[in-house]
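Report on the following structure.
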Amino acid sequence: MRVFIYFIIFFSFFDLFSQLPVMSPHAVLLGATPFVTGLVVGIYSFANTIGNVFSGFATDRLGPFPILIAGLLLSSAALFLYTPADTPNALLAVRTVHGFMEGLIVPAAFTFIANRLEGTKRGKNSALSGAFVGLAAIAGPALSGIIASRTGAPFIMMMNGAFLLTLAVLALFVLRGTPLQKGGRKDSGRSSGHFPVRELFRHPGIIRAFAGAFFLMFSQGVLALVLPLRVEALGYDTKTSGLLLSVFGIVAILIFILPTNRLFDKVRPEATLAFGVALMGASMLFLSVAGQLSLLFAAMSLYGVGFAFLFPSVNSLLIDSTDTEYRGKAYGYFYAFFSIGVVAGSGVIGFLGLEARGAFVLTGALLLGVAAYALSGLKRGQTGLR
């Protein structure tokens with residue numbers, strides 16, 4: 001069952017990452033102005049955030065199974081709408097619907113897995129799920145860029161829609177009737193409605209998980225905006241930027257799947273979270289001074305190690321800090337912070353008008369601050385357990 005959920009996670013993130021190189025050019029091809037093109041790109045993340053939160057509440061009330069099926073089916077339908085969307089306004093409407101529907105999938109999928117995990121293996125399994133996300137991050141942009149150059153963006157969307165539709169049909173047979181699907185609905189319906197949302201933002205473990213998720217993607221937003229400019233300024237082409245971003249993903253995946261993933265069950269998540277964020281912060285500071293290609297690759301490899309330690313840690317911390325009755329809500333907000341983080345990273349740097357070096361220094365300082373915050377819980381003896 002978990003392997004099948006991992007495939008759902010992979011294709012959900014594959015759909016997300018495959019949009020990155022094709023959506024802006026497609027909007028321009030339809031005649032969108034620069035402002036509308038920006039909206040076309042950004043509205044997806046905004047709608048996705050709302051979908052994440054809605055999915056969390058619905059998952060607690062109905063169980064993860066129906067929300068997961070609905071998300072797969074509705075996302076598939078939205079993806080097939082890209083073909084008839086032949087004006088900028090129509091594309092904007094489809095992006096909004098697609099972002100919301102796609103937001104239903106990931107919180108329900110991770111809740112499905114988390115509710116079945118043995119406490120002693122939640123770190124290792126979180127690392128494996130991170131490996132599938134990393135594979136999607138590498139494969140999505142590369143494949144969509146190649147295929148879209150021959151067929152166009154709508155074909156990529158239709159392909160993704162076919163994948164999700166197939167997964168929805170298979171899920172009806174693979175996941176229906178599992179003990180989790182039967183029991184999760186009963187538990188959720190009993191008490192989830194009585195759990196105040198504000199309590200999520202008072203629990204130290206949950207707050208640290210949310211902060212880790214937000215700043216993980218904040219750094220991704222900064223990299224997406226600034227790294228290509230930094231590479232270009234050093235005299236290299238866009239292919240080099242792609243290789244640098246791939247390197248961190250490959251390093252992270254190796255740590256996720258090798259025996260090193262056992263560390264995430266043996267070491268407290270607050271410690272591995274702090275270590276991962278600190279490495280990411282150090283890599284940002286390294287990028288601010290790196291002037292040679294070899295140093296850039298070294299910095300991105302360091303970032304990959306940090307990413308690999310952070311992702312399982314925030315998931316483990318969230319599992320340790322929640323009960324099944326309200327875990328859906330927690331994952332809904334958790335992935336909402338993921339979506340917001342990307343927009344905030346590029347938005348803050350753009351608003352401040354920072355050049356590459358200043359952007360990397362600011363991001364590095366913020367990440368090191370988060371690492372110190374995570375360690376403070378460890379020093380106070382907070383276990384993060386519910």
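All heavy atoms count here, side chains included; hydrogens, waters and symmetry mates do not.
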Within [range] or reaching into it, pairs that qualify as side-chain hydrogen bond (donor to acceptor under 3.5 Å, both in side chains) - sequence neighbours excluded:
{"range": "residues 19-47", "result": "Q19-R95"}
{"range": "residues 355-366", "result": "none"}
{"range": "residues 69-80", "result": "none"}

- For M300 and L287, what are the C-alpha separation, side-chain angles and deciding distance, and is it a side chain to side chain contact (heavy atoms under 4.5 Å, CB included)? CA-CA 8 Å; M300 291 305 296; L287 284 171; 4.0 Å; yes
Just by distance, do the side chain of [X] and the backbone of [Y] share a donor-acceptor pair under 3.5 Å?
{"X": "S288", "Y": "L285", "answer": "yes"}
{"X": "S316", "Y": "S313", "answer": "no"}
{"X": "N261", "Y": "L258", "answer": "yes"}
{"X": "S321", "Y": "L318", "answer": "no"}

Rounded to the nearest 0.5 Å, how far apart are [atom1] of [X] and [atom2] of [Y]?
{"X": "H203", "Y": "D320", "atom1": "NE2", "atom2": "CG", "value": "9.5 Å"}
{"X": "I67", "Y": "L72", "atom1": "CD1", "atom2": "CG", "value": "11.5 Å"}
{"X": "I69", "Y": "L175", "atom1": "CD1", "atom2": "CG", "value": "6.0 Å"}
{"X": "Y331", "Y": "I113", "atom1": "OH", "atom2": "CD1", "value": "8.0 Å"}
{"X": "I146", "Y": "T151", "atom1": "CD1", "atom2": "OG1", "value": "11.5 Å"}
{"X": "I9", "Y": "F112", "atom1": "CD1", "atom2": "CZ", "value": "11.5 Å"}

Are [X] and [Y] close enough that some pair of their side-chain heavy atoms sits under 4.5 Å apart?
{"X": "V314", "Y": "L216", "result": "no"}
{"X": "F14", "Y": "L143", "result": "yes"}
{"X": "F4", "Y": "L167", "result": "yes"}
{"X": "T49", "Y": "V343", "result": "no"}
{"X": "N48", "Y": "L16", "result": "no"}
{"X": "M23", "Y": "L91", "result": "yes"}
{"X": "I253", "Y": "I138", "result": "yes"}
{"X": "V222", "Y": "L362", "result": "no"}

Which residues share a ring pair (Phe, Tyr, Trp, His ring centres under 6.0 Å) with [X], sequence neighbours left out:
{"X": "Y335", "value": "F110, F338"}
{"X": "F132", "value": "Y6, F7"}
{"X": "F11", "value": "F163"}

In the single-linkage hydrophobic clustering (I, L, V, M, F, W, Y; side-chain heavy atoms under 4.5 Å), do [X] and [Y] co-cluster?
{"X": "L263", "Y": "L302", "answer": "yes"}
{"X": "I50", "Y": "V106", "answer": "yes"}
{"X": "L92", "Y": "L29", "answer": "no"}
{"X": "L244", "Y": "L229", "answer": "no"}
{"X": "L39", "Y": "F351", "answer": "yes"}

Taking all atoms of both residues into account, what is the closest heavy-atom pair of [X] and [Y], and its distance?
{"X": "S55", "Y": "A108", "answer": "OG-N, 3.8 Å"}
{"X": "P228", "Y": "L223", "answer": "CD-O, 3.4 Å"}
{"X": "P88", "Y": "G31", "answer": "CG-C, 3.8 Å"}
{"X": "E102", "Y": "S12", "answer": "OE2-OG, 3.2 Å"}
{"X": "A271", "Y": "V267", "answer": "CB-CG1, 3.8 Å"}
{"X": "L30", "Y": "D86", "answer": "CD2-O, 3.8 Å"}

Please list, one pair per line, the donor and acceptor atoms closer than 3.5 Å that link side chains of residues 154-162 to other protein atoms, with sequence neighbours excluded.
residue	atom	partner	partner atom	Å
N160	ND2	D15	OD1	3.0
N160	ND2	S18	OG	2.9

- Query: Going by distance alone, is a donor N or O of one side chain under 3.5 Å from an acceptor N or O of the other, for S376 and R208?
  - Reply: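 R208 and S376 do have a side-chain donor-acceptor pair below 3.5 Å.
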By side-chain hydrogen bond (donor to acceptor under 3.5 Å, both in side chains), which residues pair with [X], not counting sequence neighbours?
{"X": "S144", "answer": "none"}
{"X": "N52", "answer": "S339"}
{"X": "S283", "answer": "none"}

- Hey, what's the ring geometry for F57 with Y333, parallel, tilted or perpendicular (30° and 60° as the breaks)?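 Rings of F57 and Y333: perpendicular, as their planes differ by over 60°.
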- Look at the aromatic rings of F248 and F307 and report parallel, tilted or perpendicular, splitting at 30° and 60°. perpendicular
- Task: Mind running side chain to side chain contact (heavy atoms under 4.5 Å, CB included) on Y373 and I207 for me, showing each step along the way?
- Result: CA-CA 10 Å; Y373 174 61; I207 292 173; 3.2 Å; yes
- Item | Contacts of type side chain to side chain contact (heavy atoms under 4.5 Å, CB included), residue R202, not counting sequence neighbours |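 R202 satisfies side chain to side chain contact (heavy atoms under 4.5 Å, CB included) with R198, E199 only.
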- Can you list every pair that meets ring pair (Phe, Tyr, Trp, His ring centres under 6.0 Å) and has a residue in residues 273-301, with sequence neighbours left out? F275-F309
- Query: Which is it for L68 and I8 under the side chain to side chain contact (heavy atoms under 4.5 Å, CB included) test, yes or no, and what are the steps along the way?
  - Reply: CA-CA 9 Å; L68 189 56; I8 291 177; 4.0 Å; yes
- Go through the steps to decide whether M284 and Y303 satisfy the test side chain to side chain contact (heavy atoms under 4.5 Å, CB included), and finish with yes or no. CA-CA 8 Å; M284 288 289 172; Y303 182 89; 3.7 Å; yes
